[in-house]
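To keep things clear, I will list the structure first and then write my remarks on it.
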Amino acid sequence: MMRERVVRIEGEPKSNEIREKAARLIAKGHKTYTPTQAVIERAKGVYLWTVDGAKLLDFSSGVLVANLGHNNDYFEMKFQEYCREVPRNAYNMFTPLEIRAAERLIESLNSPKLQRVIWAASGSEGVIKAIWCAQHRYPDRPIMLATRGGFHGKKGLAGDVTGESSPNPNVRFISFPMCDYCDEVDPKDKGKEEVCRPKYEAELEELKRRYPGKICLLITEPYLGAKGSFHPPKWYLQLLNRWCEENDVVFILDEIQSCHGRTGEMYAFQKYGVQPDIIVLGKGIGNGEPVCAVVGRDDLIDSLDYGEGSDTFSGNPRACAAILATLDTFEKFPILENCRRASKVMEEGLNSLREEFDFVKFVRGEGLVWGVEMESDEIANEAVLRCYLQYKSGGLGLHMMGPLAGKVLRVAPPLVITEDEVRTGIELMRRAFREIERNRG
Ligand SMILES: Cc1ncc(COP(=O)(O)O)c(C=O)c1O
């Protein structure tokens, strides 16, 4: 598919100028491809305004970071309060704020295993630190297991456990359920435990046979996000969890994307009924401030000695302030309840699109994280662009990130979206899809 370096949209002079400057000044590799290259000047709640004054409903949450919405008044007030007079420090001192953030986070996780924190400044760094902890704890076990098709970040070890193959000779992949693509079982049996479980058990047992006493960790996500939104049956994650417990393998759950309400529960591990040894939290944990936390068993987190997990920005006071302000906002407002209500409307609405349009192939999701799989990359990209351009006819456009895995539209609005706003978003998608249909003749 042709991916232009600079998108030009008629009637958007200011945006076009910035898009051109961006192409001169900022690395192409710094952004993922989005057919709109939206230039956003201002944001509030679930709305964005472009520099040319177009108003957009945000179905991306800025790539799932702004769970509480943009410029949430309560969050911003608390954030400023916590930030007042804090030092600009790194790893050379403690602040009361840091200790409070760790305490509150551990309280909110409410799991006997998740008792100690190591901070990171981005999701992939958090994953790397989680892996280091397991490796330092069990230095004589070189093998790392990861679920195939997962995304844990692009850097170093996080990149090594991402995808379907790895440059790291110690990484082995195991299958993750992707029921829509599965033709091994009868359609009526897809995802059924009694039918599917033996396949996954056999894979795990085979790895145990091949690497006795050598498997250090297993890392997975509650659902495959970047791969196109594949949400497994609960029994699958529980199977991995139990197998890890029985075989003394560190179970690392990457909740960088799913944490802080995305699935309708504060944490996905609560919804899926698992107890990770280490959890990695990112994105929504600071409502968009750059912060990540790795929380785990004492013996694992403590296996790193002084300085072995430190870096300049991890756990700085502003990051800790953001964690506290986010938790305060979840405590004060019924955000999870809102997410669950909006989720039902979203599910119905997206399924109505699947029924109406042949080119919508699958709808998958939970909470407020959905994937709409289109027939092709071209149609998916055209859909993103046409959704955005709706502002030209009705006054409101729809902002979505570039498709996942080529052709899956990611639908993930802030968790504060109302049911009516979800309906509005679905209608914008419907109008855009009707244009695609008309164009196809
Ligand atoms: C599940 C998951 N893990 C890891 C990452 C990597 O996080 P970061 O981009 O902050 O390094 C992401 C980011 O999208 C993610 O969704």
Side-chain angles (χ1 to χ4, degrees), residues 27 29-34 60-67 118-132 144 146-164 166 171 173 176 178 217-232 237 240 251-263 267-269 271-272 274 276 278-296 309 311 313-316 319 322-323 326 364-371 400-405 408 410-412:
H30 178 67
K31 302 261 188 259
T32 55
Y33 176 75
T34 309
S60 77
S61 307
V63 192
L64 298 98
V65 292
N67 285 8
I118 180 165
W119 308 113
S122 71
S124 29
E125 289 169 35
V127 168
I128 293 169
K129 290 185 185 182
I131 295 176
W132 284 347
M144 291 174 268
T147 42
R148 191 172 294 112
F151 182 75
H152 302 290
K154 292 172 190 156
K155 300 174 199 126
L157 276 172
D160 288 356
V161 291
T162 282
E164 319 202 343
S166 176
V171 174
F173 291 97
F176 193 100
M178 295 171 71
L217 62 93
L218 187 160
I219 182 164
T220 190
E221 298 167 81
Y223 55 84
L224 298 183
K227 186 73 182 166
S229 231
F230 290 89
H231 302 253
L237 288 181
L240 299 187
F251 182 49
I252 302 176
L253 192 63
D254 174 348
E255 284 222 36
I256 288 165
Q257 180 175 126
S258 58
C259 73
H260 287 66
R262 210 19 88 183
T263 65
Y267 301 102
F269 80 87
K271 183 170 179 181
Y272 281 89
V274 292
I278 302 183
I279 193 168
V280 191
L281 311 168
K283 291 188 185 281
I285 185 180
N287 197 37
E289 289 297 315
V291 46
C292 169
V294 182
V295 190
D311 46 56
F313 292 123
S314 295
N316 88 43
I323 290 176
T326 301
R364 299 180 284 267
E366 62 187 302
L368 282 174
V369 55
W370 291 82
M400 276 191 276
M401 53 194 272
L404 304 169
V408 182
R410 162 58 85 222
V411 175

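When a ligand or atom number is given, it counts from 1 through the structure's own listing order.
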Query raised in the report: With a cut-off of 4.0 Å, which atoms of ligand 1 are near a heavy atom of Gln257?
Result: 16 (O)
Query raised in the report: Heavy atoms of the protein only: does one fall short of 4.0 Å from atom 9 (O) of ligand 1?
Result: no
Query - Proximal atoms of ligand 1 relative to Gly123 (non-hydrogen, under 4.0 Å) - result: 7 (O), 8 (P), 10 (O), 11 (O)
Report summary line: When Gln257, Glu366, His231 are each screened for side-chain hydrogen bond (donor to acceptor under 3.5 Å, both in side chains) with Tyr223, the one that passes is Gln257
**Report entry** Enclosure of Tyr33 OH (heavy-atom neighbours >12, cutoff 6.0 Å)
**Finding:** yes
Query raised in the report: Would Lys283 count as a contact of ligand 1 if the rule is a heavy atom under 4.0 Å away?
Result: yes
Query raised in the report: Does Glu221 reach ligand 1 with a nitrogen or oxygen that is under 3.5 Å from one of the ligand's nitrogen or oxygen atoms?
Result: no
**Report entry** Ser229 and Arg410 side chains, donor-acceptor separation under 3.5 Å
**Finding:** yes
Requested in this report: Would you tell me whether Lys283 and Ser61 have side-chain atoms, one donor and one acceptor, within less than 3.5 Å of each other?
Outcome: no
Query raised in the report: Looking at ligand 1, does Asp254 have a heavy atom less than 4.0 Å from it?
Result: yes
Query raised in the report: Please state which protein non-hydrogen atom is closest to atom 2 (C) of ligand 1 and give its distance, to 0.1 Å?
Result: Phe151 O, 3.3 Å
Query raised in the report: Between Asn67 (side chain) and Gly261 (backbone), is there a donor-acceptor pair under 3.5 Å?
Result: no
Query raised in the report: With His152, which of Asp160, Asp254, Thr147 fulfils side-chain hydrogen bond (donor to acceptor under 3.5 Å, both in side chains)?
Result: Asp254
Report task. Considering only non-hydrogen protein atoms, determine which one is nearest to atom 6 (C) of ligand 1 and report residue, atom name and distance to 0.1 Å. Result -> Gly153 CA, 3.6 Å
Query - Main-chain N/O of Gly163 paired with Arg148 side-chain donor or acceptor, under 3.5 Å - result: no
Query raised in the report: For atom 11 (O) of ligand 1, which protein heavy atom lies nearest, and how many Å away is it?
Result: Ser124 OG, 2.5 Å
